[in-house]
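Data first, discussion second: the structure below is written as structure tokens.
In this text, all values refer to a predicted model and were calculated from it rather than measured experimentally. Letters A, B, ... mirror the listed sequences (proteins, then strands); counts begin at 1.
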Protein chains: 2
Amino acid sequence: MSAQRTAPPTVYDVASEAGVSIATVSRVLRTPDAVREGTRDRVQAAIRTLGYVPSGNARALAGKRTGVVGLLLPGFDVVPDERPDLVTDGGVRVVDDRRHVTQPFSSNLYFDEVLRGAETEAWQRGLALMVAAGRGSSRDVIVNDVAGRVDGLAVLAQTVPDDLLEHVARRIPVVVLADDRRSHGFDSVSVDNAAGMRTLASHVIGRLGIRSLAYLAGPIDSPDDMERAAGFRQALADHGLTVADVRVVHGDFGRARARELATTLFDGGAVPRGVICSNDQSALGVLDAAGARGLRVPEDVVVTGFDGIDAGRFSAPPLTTVHQPMGELGRAAVRAIVDRFERREGPPRAVRLPVEVLLRESCPPAL
Amino acid sequence: MSAQRTAPPTVYDVASEAGVSIATVSRVLRTPDAVREGTRDRVQAAIRTLGYVPSGNARALAGKRTGVVGLLLPGFDVVPDERPDLVTDGGVRVVDDRRHVTQPFSSNLYFDEVLRGAETEAWQRGLALMVAAGRGSSRDVIVNDVAGRVDGLAVLAQTVPDDLLEHVARRIPVVVLADDRRSHGFDSVSVDNAAGMRTLASHVIGRLGIRSLAYLAGPIDSPDDMERAAGFRQALADHGLTVADVRVVHGDFGRARARELATTLFDGGAVPRGVICSNDQSALGVLDAAGARGLRVPEDVVVTGFDGIDAGRFSAPPLTTVHQPMGELGRAAVRAIVDRFERREGPPRAVRLPVEVLLRESCPPAL
DNA sequence: TTGAAAGCGCTAACAT
DNA sequence: ATGTTAGCGCTTTCAA
């Protein structure tokens with residue numbers, strides 16, 4: 001009823017209870033049709049009365065296959081929330097939340113979606129999913145720990161250093177997410193950053209006819225940012241512009257920093273007619289700055305982001321962006337791993353997932 | 001570099017490469033200080049050159065402990081999204097999303113948060129997390145599969161039938177989430193539904209002085225709903241009212257159904273001054289109906305929900321609700337499991353997490 | 001159809 | 001400080 005009292009029953013217990021050999025018990029579990037009905041019933045009865053649950057570890061050890069895939073994510077932020085009390089009544093805190101004091105519940109829904117996608121795909125393929133967040137100093141331990149238990153491993157970009165990854169890849173298939181590391185010899189699943197940004201920027205420049213632009217980039221070491229910047233440059237070239245025609249500013253993908261930079265930008269004389277940001281968080285910061293400066297979006301300045309985070313749907317105005325299929329990223333990762341089970345040899349493969357440009361009020365289809 | 005070619009190296013391989021015994025290899029991994037430095041270095045070198053990753057399964061089998069906890073969630077919905085194209089350009093779809101054609105990215109962030117909480121706590125305790133969604137007919141298989149691999153299992157209410165759970169509980173500690181099943185003999189972690197609803201309803205009746213009420217309940221078999229309804233009745237009693245004074249309607253926790261019911265309610269003559277809903281989705285449906293009927297919220301009718309989903313923060317008007325600490329639910333679950341490791345015997349424990357009433361525009365602190 | 005027995009890769013006494 | 005060895009619980013030939 002509550003916790004188990006003695007050592008869990010094993011095949012041996014079931015076997016003797018049912019008066020058969022352990023091999024037969026195993027067969028009842030794996031290949032029931034290979035056992036006579038009467039025998040099978042007796043074994044199943046024994047399983048019930050004993051409360052037998054087969055040890056997945058022993059099975060994996062004997063069977064050379066775990067049926068589990070691993071997913072390594074960067075650390076989750078633990079955000080202890082601080083909220084003002086209004087009234088306390090019956091032990092339940094009551095908060096005046098009309099100003100949305102409550103934080104967005106999570107800062108990285110991005111990973112949640114990847115996780116969900118991976119879980120879904122794994123389930124459909126009869127695999128279990130083992131998740132771990134690769135934080136802190138114990139990362140090596142975690143990675144080895146997980147790697148030693150699974151048939152394949154999906155790793156979110158920059159979660160794990162290359163050498164560790166290579167080490168692990170000698171044991172099981174490894175696929176890298178959101179970072180095309182074919183050059184490093186890994187399979188990868190990523191998103192078409194360049195095409196997405198190119199399409200969006202082309203919309204701004206070509207269709208809306210905006211040629212006075214600022215580009216708010218991310219941290220220099222971000223592979224995502226590099227690809228997006230490349231897409232942006234292509235769009236410029238497509239329309240006879242060069243980077244020289246654009247005010248380029250480097251942020252850190254964060255909202256606060258973006259607000260600062262945009263404030264400087266807007267105060268610095270000629271306000272650009274459009275601000276292209278390399279991610280949504282930055283774009284939200286730009287919206288903040290525009291609001292503070294009294295600039296209307298999109299009438300005075302259009303603003304675009306990249307990612308498709310939820311907050312962008314609810315911002316004022318709603319944010320035009322390039323939406324990444326995060327759930328699909330997770331699914332594709334599991335698929336890539338399973339592919340490798342069959343195709344143990346062969347060159348690394350890179351899956352590129354399509355993105356979608358979502359035109360919302362901050363940079364509408366037409367002005 | 002890419003996939004591994006031969007059978008993965010084992011302790012034996014490492015041992016002979018380093019010229020030591022397998023026990024020494026094991027020691028280097030588990031208790032490095034018990035090995036002379038020179039030896040240790042040789043072993044570590046061998047590990048590197050061979051690309052050795054210890055088998056977690058073998059270790060768990062030999063060591064009687066897996067270091068993994070399992071989390072069983074109900075199935076995730078797979079929502080294939082349909083969106084209208086606006087333009088296609090360079091292979092990237094461009095969508096006019098000014099009307100928010102895009103769906104909320106996920107329908108059950110609730111579980112995502114639980115999952116994240118569990119992951120966080122597990123990580124802090126040096127445990128890995130194995131997730132599975134208990135869907136479909138193969139549920140028994142999945143449950144057994146997971147249960148056979150982990151040291152403890154957290155199960156979201158109603159994901160798994162009781163008998164299966166009892167079976168599993170004979171092997172490992174099991175804790176049930178969001179459903180107090182102490183009576184069934186399981187440890188549980190749940191949320192104080194009754195107190196939350198009681199506090200919220202007391203605010204509506206006592207502080208705002210609203211006595212013309214409708215209560216939109218959920219499905220009859222929902223334990224959550226029952227507790228919330230009980231809390232509501234208490235609030236009524238606290239203020240000298242009875243259920244006879246209230247229009248009670250049964251919905252299904254869904255938005256669409258709630259909208260229908262509320263429409264009927266509003267069209268049926270006397271419009272109640274307040275509608276208390278047993279969850280947020282329903283409350284959103286009521287807001288829809290009120291809007292369609294031309295009723296102003298909160299001026300004509302106040303509306304409250306329960307859960308604290310994100311959508312409620314962005315609705316028009318923002319939804320007053322009772323916020324459940326979902327992440328904390330996951331964390332507490334892992335803690336409860338770990339507790340059981342120490343405390344193998346003893347009566348089941350029930351952890352009750354506090355909720356918070358968030359007063360937003362749909363039912364403000366004062367009218 | 002069923003049983004006997006040999007591992008799977010590792011940990012943990014127990015020896016040395 | 002290091003080696004030997006007996007399992008951990010299961011799958012899987014190979015025999016019967």
Side-chain angles (χ1 to χ4, degrees), chain A residues 4 6-44 46-47 50-68 144-145 147-151 171-172, chain B residues 4 6-44 46-47 50-68 144-145 147-151 171-172:
Chain A
Q4 73 294 353
T6 64
T10 72
V11 261
Y12 292 95
D13 301 318
V14 176
S16 68
E17 169 84 16
V20 298
S21 76
I22 60 165
T24 299
V25 176
S26 181
R27 287 189 193 102
V28 169
L29 262 22
R30 302 292 131 236
T31 52
D33 301 324
V35 179
R36 194 195 308 151
E37 180 167 346
T39 318
R40 198 194 309 152
D41 291 345
R42 283 193 349 262
V43 172
Q44 270 156 351
I47 289 178
L50 258 35
Y52 169 71
V53 176
S55 156
N57 296 117
R59 182 184 301 182
L61 185 55
K64 315 292 267 169
R65 202 144 182 285
T66 68
V68 184
N144 270 293
D145 235 60
R149 284 176 196 294
V150 299
D151 293 330
R171 176 179 243 266
I172 48 172
Chain B
Q4 73 294 354
T6 64
T10 72
V11 260
Y12 292 94
D13 301 319
V14 175
S16 68
E17 169 84 16
V20 299
S21 77
I22 60 166
T24 299
V25 176
S26 181
R27 286 191 194 101
V28 169
L29 262 22
R30 301 293 129 235
T31 51
D33 301 324
V35 179
R36 195 196 309 151
E37 180 167 347
T39 318
R40 198 194 310 152
D41 292 344
R42 283 192 351 261
V43 172
Q44 270 156 351
I47 288 178
L50 258 36
Y52 169 72
V53 176
S55 157
N57 296 117
R59 180 183 303 181
L61 187 56
K64 317 291 269 167
R65 202 140 184 287
T66 69
V68 184
N144 270 292
D145 237 60
R149 282 177 200 294
V150 299
D151 293 331
R171 176 179 243 267
I172 48 171

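Remark: C1' of dG9(D) and CD1 of Ile22(A) are 8 Å apart, rounded to the nearest angstrom. Rounding to whole angstrom units, CG of residue Asp13(A) and C1' of dC8(D) are separated by 13 Å. Here dG9(D) presents its P atom at 24 Å from CZ of Arg65(A), a figure rounded to the nearest Å. In this structure, CG of Asn57(B) is placed 16 Å from C1' of dG7(C), rounded to the nearest angstrom.
Ranked by how close their nearest DNA chain D nucleotide is to the 5' end, Arg40(B) and Val53(A) are led by Arg40(B). Of the two residues contacting DNA chain C, namely Arg36(A) and Ser26(B), the nearest-nucleotide position lying further toward the 5' end is that of Arg36(A).
At a threshold of 4.5 Å between non-hydrogen side-chain atoms, the residues Val20(A) and Thr39(A) count as touching. No side-chain heavy atom of Thr66(B) sits less than 4.5 Å from a side-chain heavy atom of Arg149(B).
Taking only side-chain atoms of Leu61(B), from C-beta outward, the nucleotide of dG3(C), dC8(D), dC8(C) with the closest atom is dC8(D). Here dG7(D) is the nucleotide among dG7(D), dT2(C), dG9(D) with the atom lying nearest to any side-chain atom of Ala62(B).
Under 4.0 angstrom from either OP1 or OP2 of dT2(C) there lies no side-chain N or O belonging to Arg27(A). In this model, the phosphate group of dG3(D) is approached by a side-chain N or O of Ser21(B) to a distance below 4.0 Å at OP1 or OP2. A sub-4.0 Å separation between OP1 or OP2 of dG7(D) and a side-chain N or O of Tyr12(A) is absent. Using a 4.0 Å cut-off, some side-chain N or O of Lys64(B) falls inside it from OP1 or OP2 of dG9(D). OP1 and OP2 of dT2(C) both lie 4.0 Å or more from every side-chain N or O belonging to Thr24(A).
Counting any heavy atom pair closer than 4.0 Å across all strands shown, Ser55(A) reaches sugar-phosphate atoms only and no base atom. Val25(A) comes within 4.0 angstrom of no nucleic acid atom, judged by non-hydrogen atoms across all strands. Residue contacts shown for Leu29(A) are absent, as no nucleic acid heavy atom lies under 4.0 Å away.
Taken from OH in Tyr52(B) to CG in Leu29(B), the straight-line distance is 5.5 Å, to the nearest 0.5 Å. Atom CZ of residue Arg27(A) and atom OG of residue Ser21(A) lie 6.0 Å apart, to the nearest 0.5 angstrom.
Ala147(A) and Arg171(A) make their closest contact through O-CD, 4.0 Å (heavy atoms, listed as atom of the first residue, atom of the second, distance).
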